[in-house]
Structures are given as structure tokens and as C-alpha cells.
Amino acid sequence: MKILDKVNYPQDVKKLNLRELTQLAQEIRELIIEVVSKNGGHLAPSLGVVELTLALLKVFDPTFDRLIWDVGHQAYAYKILTGRKNRFHTLRKLGGISGFPKPEESPFDYFGVGHSSTSISAALGMAVARDLLKKNNKVVAIIGDGSMTAGLSYEGLNQAGGLGKDLLVILNDNEMSISKNVGALSSFLSRKLSSKWIIKFKKDMENLFKQIPKIGEELLNYAKKSENSLKSFFTPGILFEAFKFNYIGPVDGHKLDTLIDVFDQVKKLDVPVLIHVLTKKGKGYLPAEKNPTYFHGVGCFKPETGKATKIAGCNVPTYTEVLGNTLCKLARKDSKIVAITAAMPEGTGLNKFAEEFPDRFFDVGICEQHAVTFAAGLAKEGFKPVVAIYSTFLQRAYDQIVHDVCLQNLPVVFCLDRGGLVGEDGPTHHGVFDLSYLSHIPNLILTAPKDEAELQLLLYTGLKSRRPFALRYPRGRGEGVNLSNIFQELPIGEGELLKQGKDALVLGVGSRVYPCLEALEEITDYDVGMYNLRFIKPITKNLKEIIQNYDKLIVVEENVLIGGAGSIILDYLYTYNLLDKINILKIGLPDKFIEHGSQAELRKKYLIDKEGIKKQILNFLRSC
């Protein structure tokens with residue numbers, strides 16, 4: 001009988017001895033690999049923290065203590081051991097459990113998280129609340145070294161150390177976030193001591209001191225007192241001690257007995273403590289150990305080999321790939337083009353650019369705010385920075401977009417990958433707010449291509465515009481259209497009429513243009529025209545000349561309706577006194593956080609796929 005069969009909740013873990021815990025770690029890894037190979041998910045980071053999770057549950061009581069996971073990429077083992085083992089096969093499926101900690105899903109998930117670097121601040125808030133309520137539970141923040149590149153982590157550390165609260169921070173150091181960590185801090189964290197070297201050094205020094213007449217013993221005692229200082233000098237302890245945290249480590253994150261012993265000792269303390277734990281990303285699964293970047297967030301694969309399961313149509317490039325390849329082509333002819341990303345070179349398609357133009361590529365770590373202002377500085381000096389960041393992550397840099405780029409009207413091109421519904425990663429990752437949070441910023445040009453060929457042209461147009469320019473495109477493969485090596489600028493603010501009609505006009509935005517065209521092919525009772533909006537902002541007067549011939553407009557977008565393209569069109573109609581002459585239907589996403597599920601399932605559920613668009617258009621036309 002498997003140990004895992006009799007383990008469902010944290011109290012079951014506490015009953016196990018070291019041998020049983022070691023076997024349980026292997027069984028948990030097998031379950032994670034089995035499910036992720038079918039569902040996709042964050043494999044490598046979750047495999048790396050199995051022993052850490054078991055040790056935490058062995059020592060702490062999550063029915064009472066607060067365990068706060070940063071990002072949530074590492075929480076699969078925790079989910080399995082906190083009442084969700086029997087539902088783990090539904091991971092990231094529509095109606096199933098989330099790939100991230102989610103308080104609505106389990107009372108053991110104390111803080112919802114999808115983006116990084118929030119755990120220390122949230123944990124400190126809970127620690128302060130505990131003290132105000134005169135409780136005595138422990139609060140533990142588990143944060144990865146990649147997340148420690150973000151400024152928010154140090155804002156939390158700074159206040160926590162200053163307050164001197166009983167707070168435990170566990171730094172899970174696997175030397176990676178998604179891709180290889182970058183920056184001076186990463187180098188500092190990676191500075192490890194060889195235990196053999198230290199032992200030999202100490203023994204040699206002891207022998208040397210003992211041989212010195214009269215003062216030898218005194219020097220030896222002094223050296224022993226200085227041992228902690230020596231350790232801090234050689235390890236990252238000096239950094240965290242500066243934040244008034246008591247530093248412990250580095251500790252082997254795969255040795256259960258060591259972890260349990262350290263946690264037992266630390267549990268007795270009532271001061272800020274940081275434990276530096278060293279783990280291996282992908283631990284226990286050779287393909288993930290060899291290629292942790294690929295297996296960070298992976299699709300379906302064969303567990304025996306680690307090779308991806310083939311998907312029909314995979315010969316069509318993704319929008320991400322087209323962006324990366326096009327940027328390389330343009331950069332070969334323009335030495336002023338530079339590329340910037342925030343810990344996502346592969347995810348944003350800039351890895352090829354990084355290889356070809358290493359001096360013009362900058363991965364700033366998980367620092368979206370810094371990425372934008374850094375780009376602004378480059379633009380101020382005449383360069384053409386392209387900032388490629390997921391739509392949902394760019395939200396963190398809103399203030400910098402407004403003040404540092406747009407207020408100064410600097411030519412920074414923002415490439416918003418994953419614009420729209422992203423699928424199984426769920427509400428923390430859906431890029432469904434960007435049209436709303438960018439459209440009202442002065443000076444910013446906001447665009448959405450209908451296909452990969454238009455993506456190329458809009459990128460070229462953005463670099464030529466010499467203005468703040470945002471290019472928003474979806475996750476996934478393109479439409480399979482032909483790509484050209486000949487680039488031309490598109491007129492700023494002008495879309496394109498794709499189909500004439502007399503009964504109504506559909507204005508499609510980005511990824512919804514082709515589903516709209518497919519829907520219109522099946523609508524035979526009405527003659528409906530089709531317009532590719534292309535530029536969400538600005539919209540030039542040429543659209544007025546087209547829409548004033550219609551008394552019915554339908555705007556279709558993959559963005560929340562509030563503040564989206566439909567709202568912009570309403571304002572446009574008001575500006576030209578057309579509101580009383582035209583009926584308008586807005587098709588988009590509701591005022592709610594959309595759950596996780598495949599892109600196809602979610603588009604169908606929220607009526608923005610071909611069938612849903614057709615149904616809404618017909619209902620609208622029949623009711624007018």
C-alpha cells in the first residue's frame with residue numbers, strides 16, 4: 001500500500017516517520033508528473049519543493065499557523081496534502097482545482113497569489129494582525145529566489161525587520177525564476193560555501209592558533225566568536241542581517257531530517273528569521289532537472305521521455321514566435337532597437353534576440369516597474385526600446401507607463417503578450433484588462449492585430465511612430481497567414497473594412513476578428529459588414545465616414561466590457577453626435593474575474609467564440 005493512500009491532510013503527515021516521509025516524497029512526485037503530463041502546468045518548481053513542503057507540514061500546523069506561498073508555482077505538493085489529493089487530477093481544468101493557491105478553494109490557502117513577490121508583505125500583515133488579536137500562531141512566507149529580484153520583497157523585508165515581528169521567511173533558492181536568474185542579487189544568493197572547505201579551514205586555523213605561545217587559546221576563543229561574522233561575510237546572510245533578520249543557512253532543501261530539525265528550532269523563536277534553503281528545480285524527474293526552463297510551465301508531455309505531445313496545427317507559429325523573429329529582422333537593420341523583458345525571455349519570444357544581440361537585450365528580473373522606466377531612459381537617449389511583458393504582469397508598471405513614458409511622450413514600444421484569455425492559469429494570468437487600463441492614457445497609441453502578419457506590420461509601425469506604442473496580441477498560434485519580409489507602416493488610427501454590408505457593421509478587435517468573419521459567413525438572413533478596428537486608440541475620422549452609413553453597430557473584443565473597445569466606440573459616437581442614430585451592441589467579457597479553463601472552453605462559455613458571437617449578433621438584429 002502506498003503511503004500517499006493514507007495521507008489526505010496535514011495531520012496525517014505528522015504521524016509519519018522519516019522513512020515514510022521519504023517514500024511519500026517519491027509518491028507525490030509521481031502523482032505530480034502523472035497529472036501535469038496530461039493537464040500541463042508548473043512541473044519543475046513543484047518537484048523542487050516536495051521535501052520542503054513535507055517538512056513544513058511535519059513541524060507547523062496549517063489549521064492554525066499561516067503558510068503563505070509566493071507565486072504558487074510551488075504549491076502542488078501542498079495542494080495534494082491539504083485535502084485536494086482526490087481532486088488533483090482536475091488541476092487547471094474547467095471546474096477543477098486551480099494551479100495556484102486560492103482561498104475560495106481551500107481553508108489552507110491563506111492568500112491568493114499568481115504574480116510573484118507578494119508573500120512577505122502579506123505574511124507581515126498577518127503577523128501584525130495576529131499580535132493585535134493577541135494570538136500566538138506562526139506566520140511563514142515561502143518565497144523563491146526569482147521572486148526576490150522584485151522590489152516588493154525588500155519593501156516587506158524592510159518593514160518586517162524594523163517592526164521586529166515574529167515572522168519566518170523561507171527563501172527557496174534554486175537559482176532560477178522561470179529562466180535563469182539575472183542581476184547582482186542573483187550572483188550574491190548563489191554564493192555558496194563548500195562545507196568541506198569550511199571544515200578544513202577551521203581545523204587548520206585551530207591548529208595554527210594552538211601553536212602560538214600564551215595568546216593561542218585567547219585567539220582561538222576570539223575566532224570562534226567571530227565565526228558567525230565570517231559566515232555572514234561569505235554568504236547572503238550579511239544582506240538579510242542588514243534587514244534585521246536572523247539568517248540561517250544555506251540548508252539542503254532535500255534533506256528531510258535537516259529541514260525538520262531546523263524548523264523545530266526556529267519555531268521556538270519570536271523574532272524575524274530567514275532560512276536560506278537550497279533546492280533543485282525539477283528534482284526527481286531527469287528531463288525536468290536537465291531542462292528546468294522548459295518544464296517550468298509545460299504543456300502535455302509523455303512522462304516516460306519528457307517529450308511534448310504533438311498538437312495538430314503546430315506548424316503554424318505562435319504570436320510570441322512571430323514577435324521575436326520579426327524583432328530580430330528589424331534589429332539587424334536598426335542598431336538603435338533594444339529589447340527588454342522581466343524574467344521572461346522564452347515566454348515573450350525574446351530568447352532568439354538575446355542570442356543574436358546580447359548587448360542589446362536586457363532581462364531585468366521580476367521588475368516590471370523598473371523595466372518600463374529603464375526603457376524610458378533608453379528612449380530619452382535616442383534608442384528604440386521594445387518592452388515585451390505579459391499583459392497581466394504589465395499591470396504592475398501602470399504608474400511608470402503613465403509618468404515615465406507617456407507623460408514625457410517617449411518612444412517606447414510595449415508588446416503585451418497573452419492579451420485576452422490565457423486559459424488554464426486562470427484569473428491571475430488572463431490579460432483582459434489592458435485595453436481598459438491603457439486606453440485613457442494620453443499620447444499612447446493602442447493597437448491589436450487581427451493576425452500574425454498584421455502583428456509584424458504594427459510592430460514596424462510602432463518603432464517608426466517615435467511615440468509611446470502598445471501592441472496587444474493573444475496567447476497561442478496565429479491564423480496561418482503568409483508572413484512577409486517586406487514591412488510597411490500602417491496609417492495611425494485607421495482600421496480596414498473587410499466586408500461590406502447594409503444591415504449592420506461589426507467592429508472586431510484583435511483575436512476576435514476572424515471568429516467574427518466566420519460567424520458572419522453563417523448569418524444569411526442579414527447583410528452584415530465587417531471592420532477590423534486595429535487601432536483602439538486613436539481612432540481617426542475615417543471610421544465616422546463608414547459607420548454613419550449604419551444604424552446598428554456591434555463591437556466584439558476579448559477584454560472586459562467596462563472601459564474596453566466598446567466603451568471607446570460609444571465615446572466616439574458621442575463625440576460625433578451619432579449616439580441617437582445608432583444602436584450598439586458590445587460583446588466582450590463580463591465584470592468578473594474569469595476562472596481557469598482552456599481558451600476554447602472559456603470563449604465558448606462567455607459567448608465570444610464563433611457560435612457565441614453569431615448568437616449574440618442574431619439576437620441583437622432580431623430585437624432592433
Side-chain angles (χ1 to χ4, degrees), residues 93-95 318-319 390-392 416-427 429-439 446-452 454-455 472-479 495 498-499 504-523 526 528-534 536 552-570 583-623:
K93 294 290 187 181
L94 184 66
T318 64
Y319 283 92
Y390 288 7
S391 165
T392 181
L416 281 69
D417 204 317
R418 272 66 166 175
L421 296 168
V422 299
E424 293 83 357
D425 279 340
H429 282 60
H430 293 315
V432 297
F433 305 111
D434 49 38
L435 299 185
S436 302
Y437 74 74
L438 292 175
S439 61
L446 180 56
T447 70
K450 71 179 186 299
D451 55 37
E452 58 270 41
E454 196 164 77
L455 170 65
R472 184 236 207 195
Y473 46 96
R475 176 195 175 208
R477 301 194 179 277
E479 300 294 335
L498 299 174
K499 180 180 180 295
L505 179 67
V506 174
L507 305 178
V509 178
S511 66
R512 296 303 86 203
V513 170
Y514 279 87
C516 285
L517 286 170
E518 293 168 4
L520 295 185
E521 287 180 3
E522 299 181 9
I523 296 176
Y526 299 92
V528 183
M530 180 72 210
Y531 186 85
N532 170 25
L533 196 57
R534 193 152 61 191
I536 292 88
K552 302 178 192 69
L553 283 183
I554 302 112
V555 183
V556 186
E557 60 189 306
E558 195 167 332
N559 191 83
V560 291
L561 288 172
I562 297 176
S567 297
I568 293 170
I569 293 299
L570 276 173
N583 291 319
I584 186 168
L585 169 66
K586 298 195 299 177
I587 296 176
L589 297 169
D591 182 24
K592 62 172 287 189
F593 289 105
I594 307 299
E595 65 271 39
H596 64 274
S598 72
Q599 287 175 296
E601 289 172 326
L602 295 175
R603 286 166 178 159
K604 180 179 180 180
K605 178 174 181 177
Y606 291 99
L607 303 178
I608 61 171
D609 64 348
K610 182 198 74 174
E611 291 299 324
I613 292 168
K614 181 176 74 172
K615 179 180 179 180
Q616 293 194 72
I617 289 175
L618 285 173
N619 289 341
F620 173 66
L621 294 177
R622 289 166 183 163
S623 65

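Residue numbers start at 1 and run along the sequence shown.
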Practice item. Report the C-alpha distance between I587 and L607 in whole Å, list the side-chain angles of each, state the deciding distance to 0.1 Å, and finish with yes or no for side-chain contact (heavy atoms from CB on, under 4.5 Å). Key: CA-CA 8 Å; I587 296 176; L607 303 178; 6.0 Å; no
Review point. Could you walk me through whether E611 and E522 pass the side-chain contact (heavy atoms from CB on, under 4.5 Å) check?
Key: CA-CA 10 Å; E611 291 299 324; E522 299 181 9; 3.8 Å; yes
**Study point:** side-chain contact (heavy atoms from CB on, under 4.5 Å) between I568 and V555, worked out
**Key:** CA-CA 10 Å; I568 293 170; V555 183; over 6 Å; no
Practice item. Would you sort out whether K610 and I613 count as a side-chain contact (heavy atoms from CB on, under 4.5 Å), showing the intermediate values? Key: CA-CA 5 Å; K610 182 198 74 174; I613 292 168; 6.0 Å; no
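Of the possible donor and acceptor atoms, none in the side chain of S511 sits under 3.5 Å from a partner among the backbone N and O of Y473. H596 places no side-chain N or O within donor-acceptor distance of the main-chain N or O of G423, the cut-off being under 3.5 Å. Using modelled atom types, no side-chain atom of D434 and backbone atom of S391 make a donor-acceptor pair closer than 3.5 Å. H430 contributes no side-chain N or O that, together with a main-chain N or O of T392, makes up a donor-acceptor pair within less than 3.5 Å. Not one N or O on the side chain of K450 forms a donor-acceptor pair closer than 3.5 Å with the backbone of R534. Formation of a donor-acceptor pair under 3.5 Å by the S598 side chain with backbone atoms of L94 is not found in this model. A donor-acceptor pair is defined here as one N or O able to donate and one able to accept, closer than 3.5 Å; such a pair exists between the side chain of Y531 and the backbone of G495.
Across all their heavy atoms, Y319 and R477 have their closest contact at CE1-O, 3.5 Å. Between G588 and L561 the shortest heavy-atom distance is N-CD2, 3.3 Å. Considering all non-hydrogen atoms of both residues, A565 and L533 come closest at CB-CD2, 4.3 Å. Across every non-hydrogen atom of V509 and A448, the tightest pair is CG1-CB, 4.1 Å. Taking every heavy atom of both residues into account, V422 and G431 meet most closely at CG1-N, 4.2 Å.
In this structure, CE in M530 is found 7.5 Å from CG in L507, a value given to the nearest 0.5 Å. Interatomic distance, CG of L553 versus NZ of K586, reported as 13.0 Å (0.5 Å rounding). Atom OG in S439 sits 6.5 Å away from atom CG in L446 (nearest 0.5 Å). Separation of atoms CG (L585) and NZ (K552) is listed at 12.0 Å; rounding is to 0.5 Å. For the atom pair CD1 (I617) and CD1 (I523), the distance works out to 4.5 Å, reported to the nearest 0.5 Å. Of the inter-residue distances, the one linking T318 atom OG1 with D417 atom CG reads 8.0 Å to the nearest 0.5 angstrom.
With sequence neighbours excluded, the residues that form a ring-ring contact (aromatic ring centres under 6.0 Å, His included) with Y390 are F393. Under the rule for a salt bridge (Lys or Arg N to Asp or Glu O under 4.0 Å), E518 has no partner lying at least two apart in sequence or in another chain. For K615, the salt bridge (Lys or Arg N to Asp or Glu O under 4.0 Å) test picks out no residue, with sequence neighbours left out. Every residue meeting the salt bridge (Lys or Arg N to Asp or Glu O under 4.0 Å) condition with D425, not counting sequence neighbours, appears here in chain and number order: R92. Remark: K604 engages no residue in a salt bridge (Lys or Arg N to Asp or Glu O under 4.0 Å) (not counting sequence neighbours).
Here the options are V432, L435, D591, the test is side-chain contact (heavy atoms from CB on, under 4.5 Å), and the partner is V560; only V432 passes.
Side-chain contact between I608 and L421 is present, with at least one heavy-atom pair separated by less than 4.5 Å. Contact annotation: the side chain of R472 approaches that of N559 to within less than 4.5 Å [non-hydrogen atoms, C-beta and beyond].
Annotation: salt bridge (Lys or Arg N to Asp or Glu O under 4.0 Å) contacts involving residues 553-565, sequence neighbours excluded, comprise R512-E558, E558-R603.
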